[in-house]
Amino acid sequence: MHTEETFPKAYEPAAIQDRLYREWLDQKIFHANPSSSKPSFSIVMPPPNITGVLTLGHVLNNTIQDILSRKARMEGYEVLWLPGLDHAGLATQVAVEKYLLKTKNTDPRTLSKEEFLKIVWEWKESHSKRILEQLQKLGCSADWERTRFTMDPAYSKAVARAFIKLYHKGLIYRGKRMINWCPASQTALSDEEVIPKKIDGFLFYVRYPLADQPSLFLTVATTRPETIPADSALAVHPEDQRYQQFIGKFCLRPFPKEPIPVIADTRVDPKFGTGVLKITPAHDTLDFEIGCEHHLPIRDILTADGKINCPELPALHGLDRFEARKKSIELLSSLGLLESQQPYSHVVGFSERADAVIEPRISEQWFLRYPKTKEALEVVKDKIITFFPAYWEKVYEHWIKNIKDWCISRQVWWGHPIPVWWKNGQYICQEESPGVEWQRDPDTLDTWFSSWLWAYETMDEETRKKFYPTNVLVTGPDIIFLWVARMVIAGLEFKPSLSDDIYQNIPFRKVYFTGLIRDRLGRKMSKSLGNSPDPLELIQKYGADGLRFGLLRIAPQGQDIRFEESQIEEGRNFCNKLWNACRFRIRFGSINPKARPWDYPRSSFAQDILRKLAQTSILLKEAFEAFEFNQAAIILYEFVWNEFCSKFIEATKWELTFVSKETHQGALETFDYSMSVLLRWLHPFVPFVTEELWQRMAFGHATIQLEPWPNEELQEILKKPLYDPHAASIAQAIFETVVAARNLRAQYCPNFNQKIKFLIKKDKEISHLEKTVLCGLVGATSILSIDVRPPKMPLVSTPIGELYLPLELIDFESEKKRIDKELSKLKKDQLLLEKRLTDERTLSKAPKEKIEQWKEEKKVIDLKIKRLEEQLEHISSIQTD
RNA sequence: GCGCGGUUAGCUUAGUGGUAGAGCGCUCGCUUCACACGCGAGAGGUCACAGGUUCAAUCCCUGUACCGCGCACCA
């Protein structure tokens, strides 16, 4: 048995976390058994990138998954929470390159592909180890034996096969088109990886003289004068009256000086700039389209790394594109062709990983024509897949309706090689090399082309049979297109269930989108800003449970979170509160794990907490069904702190210490039963402290993890009912009286240790025990009953009667002030109610129950006001005596 | 430009068609035998603004402003 000596005064997470986690691993409770007869519940973890370490976003995300998993286990499901890691092709390559430059002083370009990849694999080993450790420190109950990596041999094979399958269906093709090119990483990117950013630049007004009439010219507004050498034409709107006479004529390109045609195209906006657009088909998407239709020559004047490639123009040739822009302005000025320049803020695409300005570039790449888009839209619209919060459905719909072919090839070393083999310009798409003379396609696949198979290629056949489709996906809305939508498409296209039933093929039934975690200034957390706290440091400081609970409590569904460390501190404090509630209990001996409080005589306080416990179970159930985890956390926090500790324990304390006797056992049984429920409810949120307390106090079996989730049993309490509603209402009255009395004494006797007496003119009879509790909670030695109002004492009106503080009133003014203040508050309410209750229209239209309720409220307020006014009169009469 | 969120106490935020809640911070008082990671009391709010619906609006509707996000861009 524990004593207060063997039960530390404060919860010390560091002392227990690692030990408990090892126990959990040994017990193999996290391991999912596909041949179990239990119903299944499954989640696949969004695989963290191996680029870095965990962020608070991961903490939130994985805590929610852990809550779902742990709760499901307690509810009797066979749970698979499948963890893994993502190779994150370009992101990792960029990270490793930076690392090599910075710490090893090695230029990655001097390394061979094999040498480089060897280093990336080493990087992968060390980083993945660290990330998995972090997840374990957080308490995640994932099935680590099944940890997958997107470049595992089996998984890589699956990726290649997916490519081959789609290729043979004609959905993957090779094409030369406009793509997003990152000059920094020198690779193509998909539309989704381009981040539009607003930048402040200039709009340059440039003159293009007419070829046969150099005194006349057309003025073009452009942000990119460095692309002038690539101009193939000028274009105006066919109906633009200003330029009718120019259509079909030729203008002179400023440099290199050459005549280019003036064409008419409806895609030119006459209202923008001067209404004249320069057409550079090689460097702009719209220009490319226009150029193709008008059969304009394509002049590509940029190299892969963003330098000007125009030997005819030595002044610009070889310059970086931004240097070239400056130089072009100088050139135009000196030629007298720069009319003006205006500051201009516009949107430019940046590459997500290298943060470089994207070049629209014509390039030959592999593309995927998305299959099953109609079906992918329908499964969400028909709620076969449900989004939480639901408004993401609109975003999803918009994307899928405007979907464009996916550029899936990357000029990156780290990634899945494309299963295509080349010989003399011919290619074959297949897994194995057709022969030594065939060269493998040098490109790799977009990382997301592997991730979109994650929901099922991580499972073997047996596992898939039991656990696919998964129940929930928990992820961030920032990857709704990159990942979520594509996974839906993959599920529908590849049919992992081997049937045609879409219900069996979708990757998940529900998607929970977390909010983004921002710093206290509302900025996104990022490595470059250095505003992302290290989860491990927070765990060390506040415990894993403190971090989990603190973060969760402030993360409402679909809302961004403004992070403050004090919130994590609150989480820690909560764990400590729970800990100390149990520490209180051990003073009265061992707990009864099979407590049945309703079999014993109980005080009104015990009945009250039992009722609230049952009511809380309903609120909790609703919160979980709506995936409102923060609401669930708030409900539990309030219940533990305000109801269980501040009211029940505080009241029971006096009962157990001084009154004992008949309700003593009932009080302990109530405590034990309630705490057993609380620990189980809280376990998914704060697994360590609940497990520790469960074991320490011997509430049940060796681990809390598979104890039943309390629910039906509590509904029974409400049904029977196993508490007396009248007794519970008396407890409420006592608590209200306590607040009123403390309020009064704080005015006159702020030192709580100074024992005082109260007098009471009772409206309601209360038991000896209730009186003892009342005395204890207000710090009084006694409360004497009186029949006649003592005129000279401070008074407060309570649900059980008029309460007096027997002190010689010295400061009449301050007492008058106190009463006045109380009165004005009450009168405001009274007026409101009166207005309502005398308004004919309200009386005829408002619901009957409401009117009754208001009448009751008014009665109470009227009485309080009457008492206080009488008191005020008394005081005034004494004063004037 | 279109779409989606948000605007509540000094800060971070819950919340509901009918008296606005919490935590932190602040002020005051407490080593009250579970807890100072605590206990008690208190100050602090025209619930962004303007209309509308309603007997009744912080909540529902419309519009405005500001903040954030997404999509599309017009060079």
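All heavy atoms count here, side chains included; hydrogens, waters and symmetry mates do not. Within every chain, numbering begins at 1; the chains are lettered A, B, ... in the order of the sequence lines, protein sequences first and strands thereafter.
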### Task
Grab the stems for RNA chain B, please: at least three consecutive Watson-Crick or wobble pairs, both distances below 3.5 Å, written as range with range.
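Result, WC/G-U stems under 3.5 Å: B:1-7 with B:65-71, B:10-13 with B:21-24, B:26-30 with B:38-42, B:48-52 with B:60-64.
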
Whole-Å [atom1] distance, [N] and [M]:
N: B:A48; M: B:C24; atom1: C1'; value: 24 Å
N: B:C59; M: B:U53; atom1: C1'; value: 13 Å
N: B:C2; M: B:G17; atom1: P; value: 32 Å

Proximal nucleotide (of [options]) relative to the [X] side chain:
X: A:K850; options: B:G40, B:G18, B:C35; value: B:G18
X: A:R841; options: B:A75, B:C55, B:C11; value: B:C55
X: A:E570; options: B:G23, B:U19, B:C71; value: B:G23
X: A:N576; options: B:C71, B:C37, B:A41; value: B:C37
X: A:Y391; options: B:G40, B:G18, B:C4; value: B:C4
X: A:L832; options: B:U19, B:A36, B:C73; value: B:U19

### Message
Could you check whether A:E192 and A:W399, counting side-chain N and O atoms only, form a donor-acceptor pair closer than 3.5 Å?
### Response
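Judged by distance alone, the side chains do pair up.
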
#### Entry: Distance-only side-chain donor-acceptor flag, A:Q853 / A:E849, under 3.5 Å
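Judged by distance alone, the side chains do not pair up.
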
### Query
Under 30°, 30 to 60°, or over 60°: which ring-plane class applies to A:Y344 and A:F272, parallel, tilted or perpendicular?
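Geometry flag for A:F272 against A:Y344: perpendicular rings.
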
### Query
Among A:E359, A:E226, A:H283, which one satisfies side-chain hydrogen bond (donor to acceptor under 3.5 Å, both in side chains) with A:R321?
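Among the candidates, only A:E359 passes.
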
#### Entry: Given A:Q567, A:E570, A:E565, the one that forms side-chain hydrogen bond (donor to acceptor under 3.5 Å, both in side chains) with A:Y542
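So the option named by the test is A:E565.
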
### Message
Without decimals, in angstroms, what is the distance between A:E628 CD and B:U16 P?
### Response
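The answer, rounded to whole Å, is 9 Å.
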
### Message
Tell me which residues in residues 274-283 of chain A lie within less than 4.0 Å of RNA chain B, going by non-hydrogen atoms.
### Response
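Going residue by residue through residues 274-283 of chain A, the ones with a heavy atom under 4.0 Å of RNA chain B turn out to be A:L277.
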
### Message
Going by side-chain contact (heavy atoms from CB on, under 4.5 Å), A:Y11 matches just one of A:D545, A:V686, A:N573. Which one?
### Response
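Result: among A:D545, A:V686, A:N573, A:D545 is the only option passing the side-chain contact (heavy atoms from CB on, under 4.5 Å) with A:Y11.
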
Under 4.0 Å: is that the gap between some side-chain N or O of [X] and OP1 or OP2 of [N]?
X: A:N402; N: B:A72; answer: no
X: A:K577; N: B:G23; answer: no
X: A:R562; N: B:U13; answer: yes
X: A:N573; N: B:C35; answer: no

### Task
Under the side-chain hydrogen bond (donor to acceptor under 3.5 Å, both in side chains) rule, collect the residues that match up with A:T219, sequence neighbours excluded.
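With neighbours one apart ignored, the set is A:E339.
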
### Message
Against A:Y512, only a single residue in A:F387, A:F629, A:F388 fulfils ring pair (Phe, Tyr, Trp, His ring centres under 6.0 Å); can you say which?
### Response
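For A:Y512, the ring pair (Phe, Tyr, Trp, His ring centres under 6.0 Å) test succeeds with only one of A:F387, A:F629, A:F388, which is A:F629.
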
### Query
Between A:F481 and A:Y396, does the ring centroid distance fall short of 6.0 Å?
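No, the ring centres sit 6.0 Å or more apart.
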
